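Everything numeric in this text was worked out from a predicted model, so none of it was measured. Chain A is the first sequence line, chain B the second, and so forth, proteins listed ahead of strands; every chain is numbered from 1. These values consider heavy atoms only, across backbone and side chains, with no hydrogens, waters or symmetry-generated copies.
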Amino acid sequence: MTKRVKIDQLGGEVGERVTIEGWLYNKRSSGKLHFLELRDGSGICQCVVFKGDVSAEIFAKADHLSQETSLRVSGVVREHAKLKGTFEVGVTELEVLATPMREFPISPKEHGTDFLMDNRHLWLRSKRQHAILRVRAEIIAAVRDYFDGNGFTLVDAPIFTPNACEGTSNLFETDYHGDAAYLTQSGQLYMEAAAAAVGKAYCFGPTFRAEKSKTRRHLAEFWMVEPEVAFMDLEGDMELAEDFLVSVVARVLDKRRKELESIERDTSKLELIKKPFPRITYAQAIETLQKAGHDAKHGDDFGGDEETVISNGFDRPVIVHRYPMDLKAFYFKKDPTDPRLALNMDVLAPEGYGEVIGGGQREDDLATLEAAITHHKLPMEAFEWYLDLRRYGSFPHAGFGLGIERTVAWLCGLPHVRETIPFPRMLNRLHP
RNA sequence: UCCUGGAUAGCUCAGUGGCAGAGCGUCCGGCUGUUAACCGGAAUGUCGCAGGUUCGACCCCUGCUCCAGGAGCCA
């Protein structure tokens with residue numbers, strides 16, 4: 001019985017006889033040699049079948065393997081003849097577990113987006129998608145470890161929510177035993193309740209947006225992490241966002257450098273992500289845009305192009321704070337030095353990846369919050385529970401939300417968020 | 001919802017009002033160190049769908065469907 005090993009462990013087994021199980025990724029042949037590239041999820045290795053080492057039957061079998069055949073091979077591990085630090089298996093036994101019933105649609109050649117998205121369930125097996133999945137998993141692990149290790153308590157927010165905070169047109173409506181229920185757009189309001197219970201709370205889960213957005217930055221279903229901290233102001237919020245982002249980037253560089261390099265991410269750009277992040281006000285951002293020739297005026301919100309122009313001035317994320325109240329949600333606290341401004345902040349990633357974090361300090365005065373709800377023409381009764389947080393020991397607090405997919409796109413250097421999530425849900429795509 | 005572009009072999013694409021094409025993949029053959037291997041040979045089509053113009057339409061016209069990029073939208 002030979003030892004079963006994973007491909008990423010082969011380096012420690014040189015000279016040993018091992019068994020590996022996986023799928024055929026690619027094959028090259030000459031008259032007396034077959035080079036089988038085997039993929040097992042942990043990595044890819046070359047398995048060499050030499051005519052002189054195996055029975056005629058096994059050699060013939062190896063000649064007729066098609067892509068994605070599942071295999072079990074045994075042989076001795078050795079260092080690659082040409083590539084130092086790369087290991088291969090000199091095959092002595094080969095067992096076919098299952099032969100594909102038809103040709104695997106995704107060859108190692110180029111394909112179009114539509115075709116790949118239709119075959120997303122198979123596309124995930126490719127080297128590039130595998131690397132992205134692993135970076136995504138590392139980002140999520142880094143996010144959880146950061147909050148778990150800094151005194152936060154995970155408090156899960158509900159997915160079904162009772163009332164639309166703002167119009168229902170951008171929410172997915174479901175039938176909840178006869179009542180309308182909506183898929184959550186954010187767990188933030190619930191985190192404010194949680195912060196009063198545990199002090200530092202965060203939630204991590206899927207969120208849903210039904211708006212008909214069709215851009216490289218939008219998904220109908222995406223994952224968001226939302227911390228909320230009691231007795232923290234906007235300044236503390238910006239410091240938290242900065243410390244958190246730096247920690248996540250460092251973790252991914254430390255643990256997933258190989259994957260980033262395999263997808264040709266310029267990691268030197270990520271090495272620059274250090275504290276402190278530049279901070280500019282909304283007003284300064286508008287000035288920057290005007291100097292760059294954009295006809296931006298005070299009161300405009302930023303689109304993708306504007307965010308890129310603003311962030312291009314910096315080699316690390318830039319924090320833009322104090323937007324006009326009119327552009328922001330009802331729950332932001334007004335700047336006491338200029339009540340037309342919100343105590344909010346957005347973090348724009350460098351290299352044109354846009355907003356990855358949005359957050360700020362929340363309004364903690366009951367009367368001011370009630371006025372804001374009225375001003376936004378929202379149904380007061382739906383927010384009674386939320387207003388209770390101001391009735392029973394109101395407290396200054398702040399938080400933010402980070403979009404996982406935009407972060408994955410940024411760290412992996414991907415032009416579109418559709419490759420950052422295993423099975424993207426977009427305007428015109430629900431399958432597979 | 002709007003603008004622009006697109007749909008031809010399994011995939012990526014070229015094509016012209018007059019016999020449907022290439023590269024890759026697949027299949028067969030060759031080669032002892034290949035790296036998206038290479039060399040030789042073969043098979044492969046509802047030219048997105050429906051209608052129209054024409055002696056003749058993959059090509060021109062109309063409608064529709066789907067996709068992509070962008071805009072709007074986007075606590």
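- Rounded to the nearest Å, the gap between the P atom of A14(B) and that of G5(B) is 15 Å.
- By the 4.0 Å N-to-carboxylate-O rule, Arg209(A) lies too far from Glu405(A) to be salt-bridged with it.
- In a base pair of the Watson-Crick type (N1 to N3 plus N6-O4 or O6-N4) or a G-U wobble (N1-O2 and O6-N3), with each distance short of 3.5 Å, G33(B) is matched with no nucleotide.
- Residue-to-nucleotide proximity on RNA chain B shows that, of Leu33(A) and Arg429(A), the 5′-proximal contact is made by Leu33(A).
- Taking each heavy atom of Phe330(A) and Leu369(A) in turn, the nearest pair found is CD1-CD1, 3.9 Å.
- Across all strands shown, Gln46(A) has heavy atoms under 4.0 Å from base atoms, whether or not it also approaches the sugar-phosphate.
- Separating the CD atom of Glu103(A) from the P atom of C27(B) is a distance of 7 Å, rounded to the nearest angstrom.
- At a threshold of 4.0 angstrom between heavy atoms, the contacts of Arg128(A) with the nucleic acid are absent.
- For the C1' atoms, the distance linking C19(B) with U4(B) amounts to 36 Å, nearest Å.
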What nitrogen or oxygen pairs link the protein and nucleotides 69-72 of chain B at under 3.5 Å?
from	atom 1	to	atom 2	distance (Å)
G69(B)	OP1	Arg418(A)	NH1	2.8
G69(B)	OP1	Arg418(A)	NH2	3.1
G69(B)	O3'	Arg216(A)	NH2	3.3
G70(B)	OP1	Arg216(A)	NE	2.5
G70(B)	OP1	Arg216(A)	NH2	2.1
G72(B)	O6	Lys212(A)	O	3.1
G72(B)	O6	Lys214(A)	N	3.1
G72(B)	N1	Lys212(A)	O	2.7

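- Using a 4.0 Å heavy-atom distance criterion, Phe35(A) is classed as a base contact.
- Of the candidates Asn344(A), Asp301(A), Asp346(A), Tyr323(A) forms a side chain to side chain donor-acceptor pair (under 3.5 Å) with just one, namely Asp346(A).
- Counting non-hydrogen atoms under 4.0 angstrom, Ser66(A) reaches nothing in the nucleic acid.
- Partner assigned to U1(B) is A71(B), using Watson-Crick or G-U wobble distances below 3.5 angstrom.
- Among the heavy atoms of the strands, none lies under 4.0 Å from Phe332(A).
- Among the atoms of the strands shown, none is found under 4.0 Å from any heavy atom of His34(A).
- At a cut-off of 3.5 Å, with distance as the only test, no side-chain donor of Tyr331(A) or Glu192(A) sits close to an acceptor on the other residue.
- Pairing for G56(B) is absent, with no Watson-Crick or G-U wobble pair whose two atom distances lie under 3.5 Å.
- Summarising the geometry, the separation between CH2 on Trp123(A) and P on U12(B) is reported as 12 Å, rounded to the nearest angstrom.
- Counting any heavy atom pair closer than 4.0 Å across all strands shown, His111(A) reaches sugar-phosphate atoms only and no base atom.
- The two residues Ser66(A) and Thr99(A) have their closest heavy-atom pair at OG-CG2, 4.4 Å.
- Nucleic acid contact class of Asn428(A) (heavy atoms, under 4.0 Å, all strands): sugar-phosphate only.
- When the C1' atom is compared between G18(B) and G51(B), the two are found 23 Å apart, to the nearest whole Å.
- Pair assignment for C64(B) gives G48(B), based on Watson-Crick or G-U wobble hydrogen-bonding distances that are each under 3.5 Å.
- Nucleotides C31(B) and C39(B) have their C1' atoms positioned 9 Å apart, rounded to a whole Å.
- Using a 4.0 Å heavy-atom cutoff across all strands shown, Glu226(A) reaches no nucleic acid atom at all.
- Summarising the geometry, the separation between CD on Glu68(A) and C1' on G10(B) is reported as 16 Å, rounded to the nearest angstrom.
- The separation of C59(B) from U44(B), taken at their P atoms, amounts to 24 Å, rounded to a whole angstrom.
- Each of Arg209(A) and Leu116(A) was matched to the nucleotide of RNA chain B holding its nearest heavy atom; the match closer to the 5' end belongs to Leu116(A).
- With P as the reference atom, G48(B) and U16(B) are 16 Å apart, rounded to whole Å.
- Using a 30° and 60° split on the angle between ring planes, Trp223(A) and Phe204(A) fall in the tilted class, from 30° to 60°.
- Taking atom C1' on both nucleotides, A50(B) is separated from G41(B) by 42 Å, rounded to a whole Å.
- Straight-line distance between the C1' atoms of C13(B) and G72(B): roughly 33 Å, to the nearest whole Å.
- Phe50(A) comes within 4.0 angstrom of a nucleotide base, judged by non-hydrogen atoms across all strands.
- Looking at heavy atoms from C-beta onward, Arg362(A) lies out of side-chain contact with Met191(A) at the 4.5 angstrom threshold.
- Taking atom NZ on Lys27(A) and atom P on A36(B), their separation rounds to 17 Å, with Å as the unit.
- Leu327(A) has its CG atom 11 Å from the P atom of C73(B), to the nearest Å.
- Test His298(A), Met345(A), His321(A), Glu287(A) against Tyr282(A) for side chain to side chain contact (heavy atoms under 4.5 Å, CB included) and you get one pass: His298(A).
- As rounded to whole Å, 13 Å separates atom C1' of A9(B) from atom CZ of Phe115(A).
- Put simply, CE on Met224(A) is 11 Å from P on A75(B), counting in whole angstrom units.
- When both distances must be under 3.5 Å, the Watson-Crick or G-U wobble mate of G25(B) does not exist.
- Looking at Glu211(A) and His218(A), their side chains come closer than 4.5 Å, going by heavy atoms from C-beta outward.
- Contact record, Pro424(A) with Arg120(A): CD-NE, 3.9 Å, taken as the closest heavy-atom pair.
- Residue Ile357(A) contributes atom CD1, which lies 22 Å from atom P of C74(B) at whole-angstrom precision.
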